[in-house]
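Note on naming: letters A, B, ... go to the chains in the order of the sequence lines (proteins, then strands), and numbering restarts at 1 for each one. Side chains included, hydrogens not; waters and symmetry mates left out as well; all remaining heavy atoms used.
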Amino acid sequence: MYPRAFEYIRSQSVAEALGHLSRLGEEAKVLAGGQSLIPMMKLRLAGPSYIVDLGGIPGLSYIREEDGHIALGAFTRHREVEESSLLRSRFPIIPEAIGLVGDVQVRNMGTVGGSLAHGEMGSDWGPVSLALNAQLRAVGPGGERRIAAKEFFLDLYTTALSQNELLAEVLISLPPPNSSGAYLKMVRRAGDFAVASVAMQMTVDDGGKCLDVGIGLGGVGLTPIKAVKAEAALKGEKVTEAVLRNAAAIAAQEADPVPDIRGSAEYRRELVKVLCYRVANIALGRIRGEAVEGGYV
Amino acid sequence: MSKEKIRVRVNGKDFEAEVEPRLLLIDLLREELGFTGPHVGCDTSNCGACTVILDGYSVKSCTMFAVQAHGKEILTIEGLAQDGKLHPIQEAFWDNHALQCGYCTPGMVMSAYYLLSRNPNPTEYQVRRGITGNLCRCTGYHNIVKAIQDAAGRMRSKA
Ligand SMILES: Cc1cc2nc3c(=O)[nH]c(=O)nc-3n(C[C@H](O)[C@H](O)[C@H](O)COP(=O)(O)OP(=O)(O)OC[C@H]3O[C@@H](n4cnc5c(N)ncnc54)[C@H](O)[C@@H]3O)c2cc1C
Ligand code: FES
Ligand code: FES
């Protein structure tokens, strides 16, 4: 189907794009990779009067290490994330997860910023940003602010960004030694959104005690969910089989799944339990230096 | 709504057009420029029949506005054969019976083209991952996968 007619505005800079958004108000939408916005416009689930294209703005696409963190520009495509050797060595969880976003063509266009700003419940960036405690740098007419990933996802397709703000950058603190993470995603068919997915990043000490852990759940609520109680059940504990099983059961209770064509609420809750347990073992294996695969289950 | 002037290069030839911003790239190609090779197989950005190569990367041309392609270079299925000779991927599809109705084929071939441009010697699993964004309702994919691996061999022996 055809999208509603709109006025197209190309921006040359972030400041210019922000100016357009403030001037045009609710009738305007920014366009990044278009892999969520255009399908919604074609189905007439969205019908903005103005499209502000970020595509021509230089300098919004990068992955770099600086001052103790990794910074990703909002316009970085999923493909660049998937292929980044810097990310593979620092945070294997990120390319593992983002290599599962949709399909090749979607990853060639879709962007980090668009994915997060869209606030889709089954996105892959959602749980990963929660597991890594990412900081999202937003810019608006009054300057910039940082939003913690756990404060970012408010409701279905609703984030903490206001209409006249742009997501500019994702910041992730570099992990201490003895850290790693993994991502597991259950899908009905290749290329689909998650029925359920679990992202986990963990730090342990030499005795196998969990010093820090971040757990993000995807597809099992109106938003991606940070499993804070399961994190608390692991932190400070020696990671034994029983402790892991217990944390996984807690994570399943923190999920708040909505039944849909991809699966019932009960099924999804059960998946969280299984995936959480398995993903922890993959993360632990990686900390020990083993080559273990996450990804699709 | 004001129209936008755009310029694109398709299969090595330059085109200029004045388009409504909501015109999708697939419709620019098919309706305005006459490249009917890329197909429309869905309304939901799932099927990949519309796949073309944009500045070296495979994209779904139904999930992109024509204005976004301004100044860019596009390769469609029509651009693969040279001097009346089919591209090795097309030959391999033919020889391996990788199509039945053929509706998905232009998109499948372009996804294969992209895959092999990045990875000249893919495993079966990598081929299957590479065509995740392309649906075929006829073949069951086996012969498509075989054809792409066969094409990879043909292209390596030529290079
Ligand atoms: C077939 C298909 C399968 C998919 N499967 C998956 C999947 O398995 N997992 C997954 O995670 N995603 C999936 N996606 C979605 C994909 O990841 C999108 O790329 C992503 O959700 C949106 O990014 P985009 O750059 O394309 O944004 P757009 O579609 O351009 O924009 C999306 C929304 O974000 C806003 N926006 C964009 N950039 C910014 C910014 N910098 N600041 C503020 N607002 C902004 C836009 O105004 C719009 O509302 C799929 C998409 C398709 C078509
Ligand atoms: S026509 Fe189906 S993905 Fe483009
Ligand atoms: S050959 Fe008919 S859809 Fe693929």
Donor-acceptor contact present, side-chain B/Glu20 to main-chain A/Ala5, <3.5 Å: no
Segment of B/Ile131 engaging chain A (4.5 angstrom heavy-atom cut-off): neither
Portion of B/Phe65 that has a non-hydrogen atom of chain A nearer than 4.5 angstrom: both
Heavy-atom side-chain proximity of B/Arg129 to A/Val104 below 4.5 angstrom: no
Pair A/Ile38-B/Leu24, side-chain contact (heavy atoms from CB on, under 4.5 Å): steps then yes or no: CA-CA 9 Å; A/Ile38 298 177; B/Leu24 298 166; 4.1 Å; yes
Toward chain A, the part of B/Thr63 with a non-hydrogen atom under 4.5 Å: both
Donor-acceptor contact present, side-chain A/Lys42 to main-chain B/Ser45, <3.5 Å: no
Within 6.0 angstrom of B/Arg7 CZ, more than 12 heavy atoms from elsewhere: no
Residues, nucleotides or ligands: over 12 heavy atoms within 6.0 Å of B/Arg128 CZ: yes
Contact class of A/Tyr50 relative to chain B, heavy atoms under 4.5 angstrom: neither
Side chain / backbone / both / neither for B/Leu23 at chain A, heavy atoms under 4.5 Å: both
Spacing of CE belonging to A/Met40 relative to OG1 belonging to B/Thr44, to within rounding of 0.5 Å: 13.5 Å
Per-residue contacts, residues 70-84 of chain A versus chain B, heavy atoms under 4.5 Å: A/Arg79, A/Glu83
Sub-4.5 Å side-chain heavy-atom contact between A/Gln105 and B/Val52: no
B/Arg22 (side chain) donor-acceptor with A/Pro3 (main chain) under 3.5 angstrom: yes
Residues B/Lys60, A/Asp103: salt bridge by 4.0 Å N-O rule: yes
Residue selection (most heavy-atom pairs with chain A, distance under 4.5 Å) from B/Ser58, B/Ser111, B/Gly130, B/Gly71: B/Ser58
Contact check, side chains of B/Lys3 and A/Tyr8, non-hydrogen atoms, under 4.5 Å: no
Over 12 non-hydrogen atoms of neighbours within 6.0 angstrom of CZ in A/Arg188: no
Contacting region of A/Leu37 [heavy-atom separation from chain B under 4.5 Å]: neither
Any B/Met64 side-chain heavy atom under 4.5 Å of A/Met109 side chain: yes
Pairs of heavy atoms under 4.5 Å with chain A: top-ranked of B/Leu115, B/Asp27, B/Leu54: B/Asp27
Spatial distance of atom OG1 (B/Thr132) from atom CG (A/Leu100) [nearest 0.5 Å]: 9.5 Å
A/Glu290 atom CD, neighbour heavy-atom count above 12 within 6.0 Å: yes
